[in-house]
Amino acid sequence: PDREVPPKLWEVKKVYQYIGFAPDDLLAGRLKIRNRYYDTNLDRFYPTWSLLENGVELQRGELPPISLAPGAETTLTVPFKLPVPRPGAEYWVRVDFHLNQDTLWAAKGHVVAWEQYQIPVATPARPTLDLAGLPPVKVQDSGDRLILSGPRFSATFDRKAGALTSLVYDGRTISAPTTGALTGPVFDAYRAPTNNDVGLTGAWSRAGLSKLSRRVEAFEVDSSDPRVVRVHLRSFSTGAPNTGFVHDCLYTVLGNGTIHVDNAITPQGALPTLPRLGVRMALVPGFESLEWYGRGPHENYVDRKRSAEVGRYRSTVTEQYVRYPWPQETGNREDVRWLTLTDKSGGGVLVVADKNAATGLVGERQRTHAQARDDPMPGLCPVRSRQWQLRSGRAGQVRPASASLPVWFPPAALLAHRRRSADSRRSRSASCRCASDQPRRGRSCRPHRTRRRCGPLHARRHRADVA
């Protein structure tokens, strides 16, 4: 309703593109190109290419147009030059096809098709950390609380809560306890239902996923190595009887402030299809700047990520939230290698995934929208619209069908719109004025039942009334 381009439209454009790509010899820069148009030669477009290292562009170039008839296939050679591989680096090649002149629907340079491939480069292994050179970790165990600290950090664990409750780097608080909530990372198997979850919310409710009760079963500390302290937490979250989740979390705290977290989740009992499975962590306000290496820039999901290029992107946490007219999952990013959250001064936290991960940063706003089905957004209301729609049946038989259209109204116009809607409902409930002329079977009709209940001589009058 706000006329912004939704992320799903980028996916539609990508899967509908009429130029096909396939790898041939990526190390040599060769790709197979297929013209999927029915009546358009590819000489109406010009190709460009780019080479990226870990999401950062290294090289870029333009190629001459390719004359390729509809349905034909050819080989395209991209003249990139691979640099000396850096340890653990990833190299990507991307090819775009652009309009070579202005059209009625897009300007010259508009991208009509693109594809990206990872080049299988043999890179040296990443260097390992020398644990012997790390400073020792100071351990303070006061019974209920365990504080692990070093020259530049402090991490506090709560034994009763079985969770990390405070994290401080260089005097800057990253995570701190809030009223009625754990900072985490803690187990999470629930999110606010969306309109795609019809038929599942009942099972979620019966399983108690939105009201899991968490119990700490183990809290173990291994400080045998003063430079590497390990904290093992085990908790059991249960909803409905005889069901739940066992969450094992192993924190490995190094003397330089690095914290490695291993999570293992084991389901118990008969559970429905889960809305979510993972861990959730709350940060203090202020870490608004976001940078990540993964798929983007728009939101993407495991089944909707072809249009999201692997790259390095910058955004804000606020911009991760997409204002869909009806509640939808929002803010997810797939195949994320790492991300940073920083404040205005540039300080913050770096999160690195052992394997490509999915992340979502929309704050707690999405959770509060569990009841948003009745009032999706301020100033947005569903309007019952009457439209004519062809149905199966006798030739020429037409019935009006009701459709719910999301229409944006300024708040000041809402009251007037509701009054008009009420007046419209009252007028439609009245009997048809031609009922006494030629009624069928002695029953009066309404405008939306014109052809079924009225004589054919009065069809024109009813069409005028409905319009």
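Computed from a prediction, not measured in an experiment: that's the story for all the values here.
- Not a single donor-acceptor pair under 3.5 Å links the side chain of Ser289 to the backbone N or O of Asp343.
- Residues Ile265 and Gly278 share a closest heavy-atom pair of CD1-O, 4.1 Å.
- Under the 4.5 Å side-chain criterion, counting only non-hydrogen atoms from C-beta, Ser307 is in contact with His298.
- Side-chain N or O atoms of Tyr169 include one that pairs as donor or acceptor with a backbone N or O of Gly257 at under 3.5 Å.
- With hydrogens and angles disregarded, a donor-acceptor distance shorter than 3.5 Å links the side chain of Thr330 to the backbone of Val322.
- Contact of the Ser154 side chain with the Ile147 side chain is registered, since non-hydrogen atoms from C-beta on lie closer than 4.5 Å.
- Counting heavy atoms from C-beta outward, Val284 and Ile174 have side chains that stay 4.5 Å or more apart.
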* Asked: Can Glu329 and Arg276 be said to form a salt bridge (Lys or Arg N to Asp or Glu O under 4.0 Å), step by step?
  -> CA-CA 11 Å; Glu329 183 71 9; Arg276 170 173 291 169; 2.9 Å; yes
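- No more than 12 heavy atoms of other residues, nucleotides or ligands lie within 6.0 Å of CG in Asn242, so this atom counts as exposed by the packing criterion.
- Taking both residues in full, the closest heavy atoms of Arg295 and Tyr313 are given as C-CE1, 4.0 Å, listed atom of the first, atom of the second, then distance.
- The main-chain N or O of Glu90 is found under 3.5 Å from a side-chain atom of Asn54 such that the two form a donor-acceptor pair.
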* Decide yes or no on salt bridge (Lys or Arg N to Asp or Glu O under 4.0 Å) for Glu11 and Lys13, but give the supporting numbers first. => CA-CA 5 Å; Glu11 188 76 4; Lys13 177 187 176 182; over 6 Å; no
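- Residue Phe153 comes nearest to Leu148 through the heavy atom pair CE1-O, 3.7 Å, listed as atom of the first residue, atom of the second, then distance.
- Contact check for Pro272 versus Trp204: side-chain heavy atoms found under the 4.5 Å cut-off.
- Figure legend: Arg337 and Tyr293 shown as a cation-pi pair, the cationic atom lying under 6.0 angstrom from the six-membered ring centre and within 45 degrees of its axis.
- Not a single donor-acceptor pair under 3.5 Å links the side chain of Ser205 to the backbone N or O of Gly202.
- No more than 12 heavy atoms of other residues, nucleotides or ligands sit less than 6.0 Å from atom CH2 of Trp10.
- Considering every non-hydrogen atom in both Pro185 and Leu164, the closest pair reads CD-CD2, 4.5 Å.
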* **salt bridge (Lys or Arg N to Asp or Glu O under 4.0 Å) evaluation trace for Glu115 with Lys14** => CA-CA 9 Å; Glu115 194 56 80; Lys14 182 67 173 67; 3.0 Å; yes
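- Between Val139 and Val229 there is a side-chain heavy-atom pair separated by less than 4.5 Å.
- For CZ of Arg159, the number of neighbouring non-hydrogen atoms (other residues, nucleotides, ligands) closer than 6.0 Å is greater than 12.
- When each of Asp262, Thr252, Asp222, Asp248 is paired with His232, the side chain to side chain donor-acceptor pair (under 3.5 Å) condition holds for Asp248 and for no other.
- Atom NZ of Lys8 sits in a sparse spot, with 12 or fewer heavy atoms from other residues, nucleotides or ligands closer than 6.0 Å.
- Under the 4.0 Å criterion applied to side-chain N and carboxylate O atoms, Arg94 and Glu309 are assigned as salt-bridge partners.
- Around CZ of Arg145, the count of heavy atoms belonging to other residues, nucleotides or ligands within 6.0 Å does not exceed 12.
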* From CA spacing to verdict: side-chain hydrogen bond (donor to acceptor under 3.5 Å, both in side chains), Ser345, Arg172 -> CA-CA 11 Å; Ser345 66; Arg172 179 184 289 104; 3.1 Å; yes
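- When ring centroids are compared, Tyr18 and Tyr38 stay outside the 6.0 Å threshold.
- Summarising the geometry of Glu57 relative to Gln59, their closest heavy-atom pair is CG-O, 3.7 Å, with the distance given to 0.1 Å.
- The shortest non-hydrogen separation linking Gly244 to Leu271 is O-CD1, 4.0 Å.
- When side chains are defined from C-beta on, Phe157 does not count as touching Thr165, because their heavy atoms never get closer than 4.5 Å.
- Shown are Gln118, Gln116, Glu334; of these, the side chain to side chain contact (heavy atoms under 4.5 Å, CB included) with Val310 is made only by Gln116.
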* Asked: Step by step, would you call Glu73 with Asn35 a side-chain hydrogen bond (donor to acceptor under 3.5 Å, both in side chains)?
  -> CA-CA 6 Å; Glu73 185 176 297; Asn35 186 354; over 6 Å; no
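- A cation-pi arrangement, defined by a distance under 6.0 Å to the six-membered ring centre and an angle within 45 degrees of its axis, is absent between Arg60 and Trp49.
- Side-chain contact between Arg333 and Gln320 is present, with heavy atoms from C-beta onward closer than 4.5 Å.
- Between Phe45 and Tyr37, the ring-plane angle classifies as parallel under the 30° and 60° cut-offs.
- Taking the six-membered ring where tryptophan is involved, the planes of Phe187 and His247 are tilted, since the angle between them lies from 30° to 60°.
- When only modelled atom types and interatomic distance are considered, Glu288 and Thr318 share a side-chain donor-acceptor pair under 3.5 Å.
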